[in-house]
Amino acid sequence: MARYATWITLALLGAAAFIMALRFGWGRGPQIGSAPLPAALSAGVVIVSVLGLLVPERGEVLPPDWRPFGAVVGGVVIFILSVEALGLVPATVLCMAVAYLGQSERRYAGFLTYAVCFAAGVWVVFTQGLGLPVPAFGG
């Protein structure tokens with residue numbers, strides 16, 4: 001019963017967030033508005049919730065591993081708190097580094113190379129592709 005209550009609650013919250021996102025501006029062309037991202041994320045929550053309701057459980061349910069979850073949440077929080085002060089590239093690298101702490105394997109050199117390249121790519125997409133004035137370093 002608790003399983004159904006959880007999925008139904010998530011679906012209702014996702015639907016409410018989707019309705020709220022529809023009130024945001026959509027933008028045009030490269031000047032994307034604030035609606036597409038929250039609308040897509042909340043629609044994803046609704047879809048996953050409905051699938052969770054429809055797909056039967058298989059076998060024993062394992063307890064959740066909180067370390068990866070905490071690392072990802074921590075990474076997002078670090079990004080939110082640091083992006084204005086440090087700029088997009090360092091904040092993205094920091095976010096990814098904190099999220100990487102949830103991994104069981106440790107390959108720091110390869111990961112750091114990937115994180116820096118990814119952060120630079122994110123900056124290029126935001127500034128060149130979307131035309132948004134986002135500073136790479138130092139807010």
Side-chain angles (χ1 to χ4, degrees):
M1 186 63 167
R3 173 181 178 266
Y4 295 112
T6 301
W7 288 121
I8 290 170
T9 302
L10 280 174
L12 291 174
L13 288 173
F18 184 81
I19 291 168
M20 289 174 15
L22 292 178
R23 297 182 189 149
F24 299 157
W26 287 89
R28 289 186 173 267
Q31 298 299 322
I32 190 170
S34 56
L37 182 62
L41 290 174
S42 56
V45 168
V46 171
I47 290 168
V48 169
S49 300
V50 169
L51 289 174
L53 279 168
L54 298 177
V55 175
E57 284 186 45
R58 292 187 286 161
E60 179 185 356
V61 177
L62 299 174
D65 186 1
W66 292 106
R67 183 174 149 206
F69 176 77
V72 170
V73 170
V76 171
V77 169
I78 291 293
F79 179 82
I80 291 169
L81 295 175
S82 66
V83 70
E84 287 187 26
L86 301 177
L88 186 63
V89 172
T92 302
V93 172
L94 265 175
C95 169
M96 292 177 70
V98 171
Y100 189 71
L101 296 174
Q103 292 278 20
S104 58
E105 58 187 51
R106 303 282 185 232
R107 296 181 186 165
Y108 296 113
F111 166 75
L112 187 59
T113 303
Y114 170 73
V116 170
C117 291
F118 181 83
V122 166
W123 180 75
V124 167
V125 166
F126 273 79
T127 57
Q128 305 303 310
L130 298 174
L132 299 174
V134 181
F137 298 95

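Side chains are part of it too, since the values below use all heavy atoms of this structure and drop only hydrogens, waters and symmetry mates.
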Connected-component partners of [X] among ILVMFWY, side-chain separation under 4.5 Å:
{"X": "L37", "result": "L41"}
{"X": "L112", "result": "V93, V116"}
{"X": "V50", "result": "V46, L54"}

With sequence neighbours excluded, what pairs up with [X] under the side-chain contact (heavy atoms from CB on, under 4.5 Å) test?
{"X": "A91", "value": "F79, S82, V83"}
{"X": "V48", "value": "W7"}
{"X": "L12", "value": "I8"}
{"X": "S42", "value": "A17, F18"}

TODO: Please list, chain by chain and in numerical order, all residues satisfying salt bridge (charged side-chain N to carboxylate O under 4.0 Å, His left out) with R107, sequence neighbours excluded.
DONE: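 Only E105 meet the salt bridge (charged side-chain N to carboxylate O under 4.0 Å, His left out) criterion with R107.
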Task: Contact list for residues 84-108, test ring pair (Phe, Tyr, Trp, His ring centres under 6.0 Å), sequence neighbours left out - done: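 Sorted pair list: Y100-F111.
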Task: Pairs meeting criterion ring pair (Phe, Tyr, Trp, His ring centres under 6.0 Å) with involvement of residues 39-63, two or more places apart - done: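 Ring pair (Phe, Tyr, Trp, His ring centres under 6.0 Å) check on residues 39-63 returns no pairs.
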Mind listing the closest non-hydrogen atom pair of [X] and [Y] along with its distance?
{"X": "G25", "Y": "P36", "answer": "O-CD, 4.2 Å"}
{"X": "P68", "Y": "G102", "answer": "CG-O, 3.7 Å"}
{"X": "G75", "Y": "C95", "answer": "O-SG, 3.3 Å"}
{"X": "A71", "Y": "V98", "answer": "CB-O, 3.5 Å"}

Run the side-chain donor-acceptor check on residues 117-136: report pairs under 3.5 Å with partners two or more places apart or on a different chain.
{"unit_1": "W123", "atom_1": "NE1", "unit_2": "V134", "atom_2": "O", "d": "2.8"}
{"unit_1": "T127", "atom_1": "OG1", "unit_2": "W123", "atom_2": "O", "d": "2.8"}

TODO: Would you list the pairs meeting salt bridge (Lys or Arg N to Asp or Glu O under 4.0 Å) in which at least one residue belongs to residues 24-36, sequence neighbours left out?
DONE: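 Residue pairs passing salt bridge (Lys or Arg N to Asp or Glu O under 4.0 Å), neighbours aside: none found.
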Open item on the list: Check whether R67 reaches the backbone of L101 with its side chain - one donor and one acceptor, N or O, closer than 3.5 Å.
Closed with: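 Yes, the answer is positive, given that a donor and an acceptor are paired below the 3.5 Å cut-off.
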Task: F69 vs P64 side-chain heavy atoms within contact, under 4.5 Å - done: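 No, their side chains stay 4.5 Å or more apart.
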